[in-house]
Amino acid sequence: MLEDEVKGHVDCIVYRPVGSVGELQGVQERVLGFEVDSINSVQFSNHTGYAHWKGQVLTADELNVLYEGIKLNKVNRYDYILTGYSRDTSFLEMVVDIIQELKKANPSLVYVCDPVMGDHGAMYVPEYLLPVYRDKVVPLADILTPNQFEAELLTGRKITTEEDAIEVMDLLHKMGPETVVLTSTDLPSRRGDQFLVALGSQNLVKADGTKTSQKICMDIPKVDAVFVGTGDLFAAMLLAWTHHHPKDLKAACEKTVSLLHHVIKRTMTYANEMAGPGKRPSPAQLELRMVQSKADIENPAVVVEATVLQKSSR
């Protein structure tokens with residue numbers, strides 16, 4: 001169990017309706033001992049994996065009003081900020097202003113950024129958001145969780161080999177973040193085509209001033225289904241487990257990825273039972289089984305281990 005006094009701030013949660021990861025993202029961290037203040041960048045009837053959805057998008061002005069209320073009550077001191085989906089330049093720039101102000105109030109604040117822009121070679125936010133992320137958001141981030149496509153967008157470098165991935169993570173480090181995790185890549189797994197490859201890199205400065213770095217690789221079992229919210233879950237849990245293991249990215253990633261594995265496995269079991277033999281589950285049946293996974297959130301059994309690629313001190 002993490003320390004009860006930790007205060008986390010989730011600035012942008014993707015989805016708010018009952019049963020979606022967006023609503024439960026803050027709940028996961030509360031289970032782990034965090035106090036969470038949630039601000040929803042969108043409030044939809046359901047997530048966009050369904051055929052239809054209705055709802056509202058929070059504007060920059062509305063975000064500013066909410067933040068002003070927090071400041072007026074003098075409760076604007078946080079240890080963590082986590083941001084996710086945004087599709088508006090002014091909103092994203094307002095987030096940047098808020099993070100800068102909160103970092104002035106608490107220089108040790110940790111900002112976890114999930115730069116949600118696209119996947120599989122296609123952007124699903126407007127292209128004009130890319131320079132805002134690259135030039136303003138990423139330099140503020142302490143922990144960055146892009147997928148391969150997003151990392152390529154941010155650095156302008158293609159990833160075709162493990163060496164490319166390492167170079168891209170180093171380029172992202174130079175932009176600001178001390179911890180970078182490529183949550184998914186198209187790289188071939190050493191364990192075969194039934195596994196997905198993720199990589200991570202962490203730069204640290206020891207108390208004596210010595211700099212250390214660690215790079216890891218994980219082979220994650222693939223599942224033949226489309227889930228909505230696994231990226232949100234990954235970012236939220238990486239925040240929690242890097243708090244618990246601040247100098248051990250390997251341990252933090254193993255617990256994060258293993259938790260996802262347990263949740264997805266439980267979700268697939270339920271979805272297949274509901275769909276019936278020979279039928280593909282519906283989006284409703286594939287809603288992540290988060291409440292049922294409380295025990296795994298609190299203490300995930302490690303079933304996905306990371307390999308250390310590089311470890312150095314200088």
Side-chain angles (χ1 to χ4, degrees), residues 10 12-32 36 38 40-56 82 84-85 114 116 118-120 122 124 145 147 183-184 189 191-198 218-241 253-304:
V10 180
C12 304
I13 290 185
V14 183
Y15 309 115
R16 182 58 178 164
V18 173
S20 75
V21 169
E23 181 179 56
L24 294 175
Q25 194 173 41
V27 175
Q28 299 151 17
E29 289 163 327
R30 288 187 183 98
V31 167
L32 289 170
V36 180
S38 300
N40 306 306
S41 59
V42 301
Q43 181 157 288
F44 289 163
S45 56
N46 46 270
H47 66 63
T48 55
Y50 289 83
H52 309 282
W53 64 91
K54 298 287 185 180
Q56 302 81 37
L82 168 62
Y85 179 79
D114 184 10
V116 181
D119 204 357
H120 304 299
Y124 40 66
T145 61
N147 57 37
T183 58
S184 63
S189 169
R191 300 182 64 182
D193 58 8
Q194 295 305 304
F195 289 83
L196 179 75
V197 175
M218 292 169 287
D219 297 287
I220 305 170
K222 290 182 180 178
V223 177
D224 184 23
V226 177
F227 302 96
V228 174
T230 50
D232 306 306
L233 176 58
F234 187 102
M237 292 297 92
L238 185 65
L239 182 159
W241 290 112
C253 284
E254 286 176 341
K255 289 188 177 181
T256 298
V257 172
S258 294
L259 164 61
L260 261 76
H261 176 79
H262 295 311
V263 171
I264 289 171
K265 184 177 179 181
R266 183 172 288 108
T267 301
M268 281 304 299
T269 299
Y270 170 83
N272 287 330
E273 287 176 356
M274 292 297 101
K279 295 183 179 180
R280 290 192 70 84
S282 68
Q285 292 162 342
L286 287 170
E287 292 276 11
L288 297 179
R289 306 295 285 172
M290 296 304 309
V291 173
Q292 296 79 6
S293 302
K294 178 176 179 291
D296 290 316
I297 293 170
E298 291 177 316
N299 187 26
V302 173
V303 294
V304 179

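Within the model, atoms CG of Leu238 and NZ of Lys255 stand 13.0 Å from one another, a figure rounded to the nearest 0.5 Å. Thr230 contributes atom OG1, which lies 6.5 Å from atom CG of Leu260 (distance to the nearest 0.5 angstrom). To the nearest 0.5 angstrom, Asn147 atom CG is 9.0 Å from Thr145 atom OG1. In this structure, the separation between CZ on Arg266 and CE on Met290 is 9.5 Å, given to the nearest 0.5 Å.
Using modelled atom types, one side-chain atom of Ser41 and one backbone atom of Tyr85 make a donor-acceptor pair closer than 3.5 Å. Between the Ser282 side chain and the Gln285 main chain, a donor and an acceptor come within less than 3.5 Å of each other. For Asp114 (side chain) and Leu82 (main-chain N/O), no donor-acceptor pair under 3.5 Å exists by modelled atom type. In this structure, the side chain of Thr267 does not engage the main chain of Leu286 through any donor-acceptor pair within 3.5 Å. The backbone N or O of Ala301 lies less than 3.5 Å from a partner atom in the side chain of His262, making a donor-acceptor pair. Side-chain atoms of Ser258 come within 3.5 Å of backbone atoms of Val303 as a donor-acceptor pair (strictly under, hydrogens ignored). A donor-acceptor pair is defined here as one N or O able to donate and one able to accept, closer than 3.5 Å; no such pair exists between the side chain of Ser189 and the backbone of Val197.
The shortest side-chain heavy-atom distance between Pro300 and Val257 does not fall under the 4.5 Å cut-off.
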query: Run the side-chain contact (heavy atoms from CB on, under 4.5 Å) check on Phe227 and Met268 step by step: do they pass?
result: CA-CA 10 Å; Phe227 302 96; Met268 281 304 299; 3.5 Å; yes

task: Under the side-chain contact (heavy atoms from CB on, under 4.5 Å) rule, what do Asp296 and Val263 come out as? Steps first, then yes or no, please.
output: CA-CA 8 Å; Asp296 290 316; Val263 171; 5.5 Å; no

- request: Apply side-chain contact (heavy atoms from CB on, under 4.5 Å) to the pair Leu259 and Phe234, showing each step before the final yes or no.
  value: CA-CA 9 Å; Leu259 164 61; Phe234 187 102; over 6 Å; no

field: Evaluation steps, side-chain contact (heavy atoms from CB on, under 4.5 Å), between Ile220 and His261
entry: CA-CA 8 Å; Ile220 305 170; His261 176 79; 6.0 Å; no

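Here the closest non-hydrogen pair linking Ile264 and Val223 is CG2-CG2, 3.6 Å. Residues Gln43 and Asn40 come closest through the heavy atom pair OE1-ND2, 3.9 Å. Listed here is the closest heavy atom pair of Pro281 and Ala275: CA-CB, 3.8 Å. Residues Glu298 and Trp241 approach most closely at O-CH2, 3.8 Å, considering heavy atoms. The minimum heavy-atom distance between Ala198 and Thr183, with the atom names listed, is CB-O, 3.6 Å. Considering all non-hydrogen atoms of both residues, Gly49 and Pro283 come closest at O-CG, 3.6 Å.
Side-chain rings of Phe44 and His47 stay apart, their centers remaining 6.0 Å or farther from each other.
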